[in-house]
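Notes to accompany the following structure.
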Amino acid sequence: MKIKRIAAVAAVVGVAALVLSGCAVPRQSEVITGSKISVAWNDPMQEYNTLSATGNAAANNNVSYLANSSFNYYDDSQKLVKNTQFGTYTVEKQNPLTIKYTVNEGVKWSDGVQVGAADMLLTWAALTTHLNNVEAKYDADGNITNQAELDAGVFFNAGAVKGQGLDLVSKTPVISDNNRSVTIVYDKPFVDWELSFPIGVSAHGTVQLAYPGKKYTGDAANAAIIKAIQTKDYGFLSPVAKSWTNDYKMLDMPTEKQKLLSDGPYVVTDLKDQQYVTLTARKDFTWGPSPKYQTITIRVIGDPQAQITALQNGEVKIAEGQPTADLLTQIKGLSGVNYKAATESTYEHIDLQVTNGGPFDPKTYGGDAAKAQLVRDAFLKTVPRQDIVDKLIKPLQPDAVLRASLQFVPGTPGYDAVQKAGAYAAYDKVDIAGAKAELAQAGVKNVKVRFLYGKTNTRRQQEYELVRQSAALAGITVIDGGSETWGQDLSAKPNSYDAALFGWQATSLAISQNQANYTPGGLNNYYGWDNAELTALYNSLSTETNTAKQDALLVQADQIIGKQAWTVPIFQFPGVTAWSTSVTGVKPAFLAPQYFWNFWDWAPTKK
Amino acid sequence: MLSFIIRRLGASILVVFVASFVIYNLAAIAGDPLGDLRGSTAPNKAALIAARVEALDLNVPPPLRFFIWLSGILRGFIGQFTLGDSVNGHSVIQLLNSSVSNTIQLVTASTLLAVIFGVAIGMSTALRQYSGYDYTVTFLSFLFFSLPAFWVAVLLKLYVAIGFNNFLASPVIGPIAIVVISLVSGFVWMSIIGGEGKPRLIVFGSATVITAAILLFFQVTNWFTTPFLGPGLVLVLGALTAIMVTSLTTGLSNRRALYASLIMVALAGAIWYPLQFVFTVAMPIGVLFAFVAVMIGLGLLAGLLLGKDDRWPSARAAAITAFLVSLLVIVDRLMQSWPDYVNAVGGRPIATVGANTPDLAGSIWFTSLDTYTHLLLPTISLILISLAGYTRYARASLLEVMNQDYVRTARAKGLTERTVVMRHAFRNAMIPVITVVAFDVGGLIGGAVITETIFAWRGMGALFTAALHDPLDLNVIMGVFLIVGVVAIVFNILADIAYTALDPRIRVN
């Protein structure tokens, strides 16, 4: 009898344990006690909330990446990897697009509170416009007229745009699974849904920061915020929104521990005056690959040369930056240092204006679109892309190549497909004869191209000079349009230039972001580019959720853009990552968070 | 005096106001506060731009926006002082707070040392005009003056930091190196001290032998890994200090001053052992200041007691000696912590970047050593450059003063050369130097831009250059400008006041 009872209890306990642990194998921390690593980055961390309009900077993202886990991350081959030990997300329904996010039991903030629905709900509230109930109004002098209203209202400063991205989720997410799951429904299909719903800062911490007097416990704070968001309690949310926007800004170690709560492998334990930030491994972390170093210190060293000497002197183990030719020679000469070219996310390109009455505008030729296209094609054929790479980039990165796609970043399968299709291959080699023939065919003489670029940037000056010399051979006069205010001129003075040379920073693999560049009315389309086929393609892309089909469509997009002779990519900005041989497992990656992406693999070299 | 200061301040406020208006507008034209967002492909780019425009009032034209910025300062009168926000939404005051303290930490030591050594070297070259020493210093100061700061910094990092750290791994100076270093040192001392024929050879020989002996001593005692002074070296170095201080302040002929100074040295040697129980790892920093203060006080006392007719000069000499000797004792204590410190930073003590080793916790000895190893390189590079200037100014100015009538009169009175130089010529010679120093300090607070960049020091210069880059951070630029402007003005007023103290003929009114 007694034994039976005990056995029954044991069985119940055993089953419960299995259920509770989600049938997972017990995991152990692999952190090596006392191990330390210092790495260099060029900017200081200034904000812990990386989702706010001011906090989305590489230096902040790196710290946040070390301190927080998420449903997925990019590996070094730009593949999105799901972290099922943290939580899962599944598409419940395709139409309307319904996704359920579940955080695993036992995934906890560094103060012991379970990560869950409240956090996701707050992020939804912050990244959409649905709970922002005020906007600043201005008088004629630009002064805010409704300051009082702003102070009382709810405004999450996250740069959310109506009808874009996560904002398409207009209904308040539904909570389930004991506050560990939320289900969100997109009003319209949205192609980048997988990248659009991060966890963000802790909800209970933000509430505690907003109401320091109320002494909320973690669970009570979570319950309060869930209720406030579900009932749209603007009075309660107003201070929360202010805390979310402002309280995570910091230059020095804050006294409130809520400001640095982490739900990942590390937690920030020291932050000094913009000089360094130190993260220490959490003992209770089990939901993801275990890191090996007990502490990681990111030191702020702006000058790449100083980073390399610090690496040489053993003060940092990993350095990263834009190289100069001298620096590269120096790195090569160092013993005990590995290095790898790691290009940056910005790429250089030339865009042509087609609606400003210039040489590339059909209007100039009485609306003859074919003629204008011939002139554009002729000009792009004279652009010495390979020469620019050989003369200006290869000294900094010996294995530099031409960028072959505008839609894909190098290293992705789609990029290889575009390269194979040769979307911009016609411009790989300078073709003066071809350019002359096309100009003759168009019957256009004395083409004058006003060339806009950043005047203070030496490299762009040199690029302009190479373009000018090459174009002159085909009888095209390139006029120096170098300007200090090129950034403003791009959109504000479209009539002042015919071609523009600058870089786009593509920091994410989101597919929808290119639409703004190549469709009419797009935010980054300063040139009046308009192609019905391309626009239709982008529209169908925004509802396409099959990745293979997405890639196929984007390859097509690149080909259409290439045929239109609107623009041509040139090179990826060169970068270099160097690390000491006393650390193993460093793998520079191309996208943010760059070399940090596999920090859990870093380990001291065994002696 | 008061009316002078008020008049100067009034005029200065006007100057700062006009200058800041001009700078504000020029800086606003020079860059683009949205520069970083222009090339962005983020889907919410427009919203991000709108948020920044709203936060920084970018839709107001700069000449008018200046007055929004100014109103932030004027609101200081009702307790709401603000210098605006940076592009990232940080309060400029906060940013300046951390940067100013970093810069002050960086430039204080180098300025003080550069002034002291610059004046000392400059004056001594003036007194030995056209000697080998004079020519050598002239040559070196022109050399350093023309060296670019970034190049000096890189050389220092390579040789003083990385090279020395590598050397520390196995600190052995080979016999050939000892011979070469000793000979070079002998040659340098010979050309500095000068003289003819036999004395020249004697200087050369003794300098060579002394250098070799010191190097051997270092070698035998393993001094580089476990440096020490101990009571013995404290006594020897202290005695040398006492003789030097007395000869400069009162002259060695004043035996009472010399004895008072030497007594202080003996005292330091005597209390060395008990002091080791006071200078523990848990000791608060206040004790250190108290120790120095007590030593100075005892020095004064010893001088007063021994001095008889000529009390105060003896007291002064003994106090200065006491101060320097207590520094020696402190250095000795720091040296005892050196091996542990080297161990704690992984065997590579001399740092090339930053202001301190991250997360290094420890006693004040540890943190002081850490500050020292981080300050060493930037301080040397700052000193090398400004020292050259001060040397030239001090030399020229002392030479001019020494040729004036009142100096000849002083000599004719039969005063000793020491009194003529130290008491009559020195003060007047300082006037032009003070002017230069005042200007330099104003400039240095603005940040030693290049030095800060190369040594990854997050000071005013780093803040300023970062603000000039994409995106243009106008409020930060203005914050830095305001501080530099105010400091420059204050130091100029201080310089004017210092003139009256140095030269009784000058009246500020």
Under 4.5 Å heavy-atom distance to chain A, tell me which part of [X] shows up: side chain, backbone, both or neither.
X: Lys45(B); value: both
X: Leu95(B); value: both
X: Ser101(B); value: side chain
X: Val345(B); value: neither
X: Asp359(B); value: both

Q | Residue Phe224(B) excluded, over 12 heavy atoms near CZ under 6.0 Å | A |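 Correct, the count exceeds 12.
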Q) So with a 6.0 Å cut-off around CZ of Phe81(B), is the heavy-atom count from everything else above 12? A)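 More than 12 within 6.0 Å, yes.
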Using only atom types and a distance under 3.5 Å, with no angle test, would you say the side chain of [X] pairs donor to acceptor with the backbone of [Y]?
X: Glu315(A); Y: Thr352(B); value: yes
X: His90(B); Y: Gln46(A); value: yes
X: Arg299(A); Y: Val353(B); value: yes
X: Asn524(A); Y: Arg38(B); value: no

Q | CA sep, side-chain torsions, deciding dist, call: Gln94(B), Asp252(A), side chain to side chain donor-acceptor pair (under 3.5 Å) | A | CA-CA 10 Å; Gln94(B) 261 184 16; Asp252(A) 236 321; over 6 Å; no
Residue part contacting chain B, namely of [X], when any heavy atom lies under 4.5 Å:
X: Lys272(A); result: side chain
X: Asn517(A); result: side chain
X: Ala57(A); result: neither
X: Ala516(A); result: neither
X: Ala40(A); result: neither
X: Tyr526(A); result: side chain

Counting heavy-atom pairs closer than 4.5 Å to chain B, which one of [options] comes out on top?
options: Lys36(A), Lys249(A), Gln515(A), Gln164(A); result: Lys249(A)
options: Gly522(A), Ala160(A), Pro44(A), Ser491(A); result: Pro44(A)
options: Gln275(A), Gln305(A), Gln488(A), Gln307(A); result: Gln488(A)
options: Met250(A), Glu47(A), Glu484(A); result: Met250(A)

If you count heavy-atom pairs under 4.5 Å with chain A, which of [options] comes out on top?
options: Ala456(B), Gly89(B), Ala47(B), Pro358(B); result: Pro358(B)
options: Asn356(B), Leu64(B), Ile454(B), Asn166(B); result: Asn356(B)
options: Gly31(B), Ser98(B), Ala46(B); result: Ser98(B)

(Q) Between Arg458(B) and Gln274(A), do the side chains contain a donor N or O and an acceptor N or O under 3.5 Å apart? (A)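 Yes, a side-chain donor-acceptor pair sits under 3.5 Å.
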For the atom pair [atom1] ([X]) and [atom2] ([Y]), what is the distance rounded to the nearest 0.5 Å?
X: Asp303(A); Y: Glu452(B); atom1: CG; atom2: CD; value: 13.0 Å
X: Asn313(A); Y: Ile162(B); atom1: CG; atom2: CD1; value: 5.0 Å
X: Ser91(B); Y: Asn246(A); atom1: OG; atom2: CG; value: 11.5 Å

(Q) Set out, in order, the CA-CA distance, both residues' side-chain angles and the distance that settles side chain to side chain contact (heavy atoms under 4.5 Å, CB included) for Gln312(A) and Leu158(B), then state yes or no. (A) CA-CA 9 Å; Gln312(A) 203 181 346; Leu158(B) 274 184; 4.0 Å; yes
Q | Heavy-atom pair with the smallest gap, counting every atom of Gly159(A) and Leu48(B) | A |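 In this case the closest contact between Gly159(A) and Leu48(B) is CA-CD2, 4.2 Å.
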Q: Grab the two heavy atoms, one from Thr309(A) and one from Lys157(B), that are nearest each other, plus how far apart they are.
A: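 The answer is OG1-NZ, 3.5 Å.
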